[in-house]
Asks: 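The following block contains the structure, expressed as structure tokens.
Residue numbers start from 1 in every chain, and the chains themselves are labelled A, B, ... in the order their sequence lines are given, proteins ahead of strands.
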Amino acid sequence: MERNIGTEDILLSDLSFNYPGQSSPALDGVNLRFERGKFQAVLGRNGSGKSTLARCLNALLVPSAGKVVSCGLDTSLAENSLEIRKNLAMVFQNPDTQMVGTTVEEEVAFGPENLGLPQTDIRRRVDGALAMAGISELAKRQPLRLSQGQKQLVAIAGALAMEPAFLVSDESTSMLDHRSRSRILDLFLGLTKNGVGIIHVTHFLEEAALADTVAVLDGGRLAAEGTPAEVLCEPLRVRAMGMDPLPVTVVAGELARLGHPHPGPVLTVRELLSWLSA
Amino acid sequence: MAERLNLEAVSYSYPLPGREEAPALVDVDLDVEPGEVLCVAGPNGSGKSTLAQVCAGLLSPGSGSIRYAGEDVEGRAGLRELRRRVGLLFQSPEDQIFADTVERDIAFGPRNHGLSGAGLKERVREAAAMAGLPLDEILEKSPFLLSEGEKRRVALAGVLALNPEVLLLDEPFIGLDFEGRQHLSSSLERYRDERGASIMIVTHDLSHAWPLIDRFAIISEGRLHCVEDRAGMVSGGTGLAELGMQLPQWGILAGELLERGVPLDDPADPGCLAAAMASYREARHGR
């Protein structure tokens, strides 16, 4: 298997994707790099191409034009797809679509079992993943009897049991309450410290504000890319890309409109409140 | 026009074969006032969806009572009557759309209620317009070939076509983007204003509908934790953090300002928050 040593990133070069029968491309000439050890958010309105992009990363979809090289492996070569999916685990919005086990621990063991690992390794991975997701106490429960939030934690534990280089989360937090969501985001941030790259597709700007980098898609094209402070602080620009600006950025803009010095690029309440005493 | 929907000491448990019953609602007292937008919020698994189904007449409480317009909802006939007045939009549109065209899908409910011919057609068009569906482009299409956002609108139109006095929506904002949420919020406001309907929004996320809500009923572990308006929600003391919930950024900012003694007229109005911050800073430092 051809593999470029030292390329641990996911590299998108002029990536385009057309769904059959659709007149306009879902992705249109996107250039992006995702790195290990970073928390990277992908934003955009419905239909902007976010989920299509996520599915191109692990060869669920193959580019119509351009290229995706995932950890040194070209996703358009069928023989690479298994190796690519070992490196890159996915979690979707609706956990029901990926539940197969009759107990939570069976569910989480499903991926590692398919890798043909010895039982002791599988056990270690399952216990570790359940602990990381904070759901060890659910191990013997039936996944389908859990709440939506708990099911999502199970799905994430299943992804973690694969010990992937990248974890792609396609709106995995949208059904979760604040506590579960914070837990997942803390987990994502912790994983980046262990070298895992997190690619988090989301509608929530408050989550994107925690990321190292943010990419915004609009109409299948890359509309903006940079740090959260660079991309998310101008309410008009954020709205033009089909998103709900962070309230603090709206209030900061109002302050400037009222003739006060602009508080600058603020993303959190604390940052905005520091203006009061500045 | 809506009437008051009133729950008194309502409890409900799901039967689990061979095991003890799992209580999903315990002694819930709740009034839904005519014409208000009430948000029922709580963490995952707190009993919100069960409460929605009880209010919509789909589940009959194990104990306690439901009254609508002062009348006890009793027996099958009572539940049927409640279902006629309370329309429930499920979380997933796939749970309630099924016909082969959008028009037939929206018409299904009112047709079952005996409407036909021109009256039925008019009702479908009204509901589709209220839900923001582009009428002529879409009515002949299969609802299953639409985008997720459009499917949601078809499901909403199907509920609106029944002219519910109380419109109840279970997690209606999940998966919608900014424009979708704005769109839904304005449809709901319009429906309330034009019909005098009450609206109940069940959600785990307080940020989605923050500016739209008159009162919040917070539910946790099947029990009603508190009922507050927006000002009450931001003033602290609701113990949201202990429940694993958080105010939206609007509310956190408003709460911080109130804590510093900055008076606020409307915690949901960005202009009001900015003006309050400016006058606080001026009072302390000059401009």
Side-chain angles (χ1 to χ4, degrees), chain A residues 43-48 50 93-94 96 145-153 171 174-183 203-206 209 235 238-239 241-261 263 267-270 272-273 275-278, chain B residues 16 22 41-46 49 91-92 147-150 171 173-182 203-208 210 240-241 243-257 260 262 268-282 284-285 287:
Chain A
L43 294 165
R45 67 179 98 217
N46 285 356
S48 61
K50 302 185 299 293
Q93 180 182 331
N94 185 352
D96 290 335
R145 290 221 176 231
L146 301 176
S147 73
Q148 281 305 99
Q150 289 169 324
K151 283 182 198 168
Q152 192 59 284
L153 290 166
E171 302 201 32
S174 64
M175 290 187 177
L176 302 186
D177 59 32
H178 173 70
R179 180 177 287 158
S180 308
R181 184 179 291 173
S182 303
R183 193 195 270 173
H203 280 311
F204 295 99
L205 265 62
E206 284 178 58
V238 168
R239 275 199 196 102
M241 295 187 288
M243 300 180 299
D244 199 356
L246 286 166
V248 291
T249 64
V250 177
V251 174
E254 277 293 310
L255 284 168
R257 208 178 56 81
L258 293 171
H260 296 275
L267 293 168
T268 64
V269 169
R270 185 181 296 170
L272 181 60
L273 287 172
W275 180 87
L276 286 176
S277 48
Chain B
L16 289 176
N44 295 131
S46 58
S49 294
Q91 187 171 325
S92 166
S147 74
E148 191 61 23
E150 287 169 330
E171 300 282 10
F173 296 101
I174 284 187
L176 292 184
D177 60 10
F178 174 53
E179 281 155 13
R181 295 197 294 265
Q182 296 275 87
T203 179
H204 70 282
D205 187 334
L206 294 168
S207 66
H208 291 328
W210 181 248
L240 280 187
L243 304 184
M245 298 180 69
Q246 191 185 36
L247 287 173
Q249 227 183 23
W250 294 116
I252 298 173
L253 179 60
E256 292 281 348
L257 293 172
R260 287 166 169 74
V262 183
D269 175 2
C272 161
L273 290 170
M277 284 184 68
S279 52
Y280 177 81
R281 190 167 186 255
E282 274 168 27
R284 290 191 59 187
H285 307 289
R287 274 181 93 137

Asks: Decide side chain to side chain contact (heavy atoms under 4.5 Å, CB included) for A:V269 and B:E256; before the verdict, give the C-alpha distance in whole Å, the side-chain angles of both, and the deciding distance to 0.1 Å.
Replies: CA-CA 9 Å; A:V269 169; B:E256 292 281 348; 4.1 Å; yes

Asks: Measure the spacing between CG of A:N46 and CZ of B:F178 and express it to the nearest 0.5 Å.
Replies: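 With rounding to 0.5 Å, CG (A:N46) is 13.0 Å from CZ (B:F178).
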
Asks: Could you check whether any side-chain heavy atom of B:R281 comes within less than 4.5 Å of a side-chain heavy atom of A:P261, counting everything from C-beta outward?
Replies: yes

Asks: Please list, chain by chain and in numerical order, all residues satisfying ring pair (Phe, Tyr, Trp, His ring centres under 6.0 Å) with B:F173, sequence neighbours excluded.
Replies: B:H208

Asks: Out of curiosity, B:R284 CZ to A:S277 OG, how far, rounded to the nearest 0.5 Å?
Replies: 6.5 Å

Asks: Given heavy-atom pairs under 4.5 angstrom as the criterion, report whether the side chain, backbone, both or neither of B:A41 touches chain A.
Replies: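 Interface part for B:A41: neither.
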
Asks: Contact part of A:S174 toward chain B, heavy-atom cut-off under 4.5 Å: side chain, backbone, both or neither?
Replies: both

Asks: Could you tell me whether the side chain of A:F204 reaches within less than 4.5 Å of the side chain of B:D205, counting heavy atoms only?
Replies: yes

Asks: I need the minimum non-hydrogen distance between B:A278 and A:H260, along with the two atoms involved.
Replies: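 Taking B:A278 first and A:H260 second, the nearest heavy atoms are CB-NE2, 3.1 Å.
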
Asks: CD1/B:I252 to CG/A:L272 distance, rounded to the nearest 0.5 angstrom?
Replies: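 Interatomic distance, B:I252 CD1 to A:L272 CG, rounded to 0.5 Å: 12.0 Å.
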
Asks: If you count heavy-atom pairs under 4.5 Å between each of A:H203, A:H178, A:Q93 and chain B, which one has the most?
Replies: A:H178

Asks: Let me know if B:E171 has heavy atoms under 4.5 Å from chain A in its side chain, its backbone, both or neither.
Replies: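 Contact with chain A: none, neither part.
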
Asks: Taking side chain as everything from C-beta outward and backbone as N, CA, C, O, which of these in A:L267 sits under 4.5 Å from a heavy atom of chain B? Side chain, backbone, both or neither.
Replies: backbone

Asks: What residue, out of A:R181, A:E171, A:R257, has the most heavy-atom pairs lying under 4.5 Å from chain B?
Replies: A:R181

Asks: Side chain from CB out, backbone as N, CA, C, O: work out which of these in B:L257 comes under 4.5 Å of a heavy atom of chain A, or both, or neither.
Replies: side chain

Asks: Output the option from A:L146, A:L273, A:D177 having the highest count of non-hydrogen pairs under 4.5 Å with chain B.
Replies: A:D177

Asks: Please tabulate, one pair per line, all N/O donor-acceptor pairs under 3.5 Å involving side-chain atoms of residues 241-252 of chain A, not counting sequence neighbours.
Replies:
residue: A:T249; atom: OG1; partner: A:L246; partner atom: O; Å: 2.5

Asks: Flag the one option from A:E206, A:R270, A:Q150 with the top tally of heavy-atom pairs under 4.5 Å to chain B.
Replies: A:E206

Asks: To the nearest 0.5 Å, how far apart are NZ in A:K151 and CG in B:N44?
Replies: 11.0 Å

Asks: For residues B:M277 and A:L276, determine if any side-chain heavy atom of one lies less than 4.5 Å from a side-chain heavy atom of the other.
Replies: yes

Asks: So, do A:R179 and B:L243 sit near enough that their side-chain heavy atoms are less than 4.5 Å apart?
Replies: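 With C-beta onward as the side chain, the pair stays apart.
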
Asks: How about B:R260: does its CZ atom have over 12 heavy atoms from other parts shown lying under 6.0 Å from it?
Replies: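 Enclosed: over 12 neighbouring heavy atoms sit under 6.0 Å from CZ of B:R260.
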
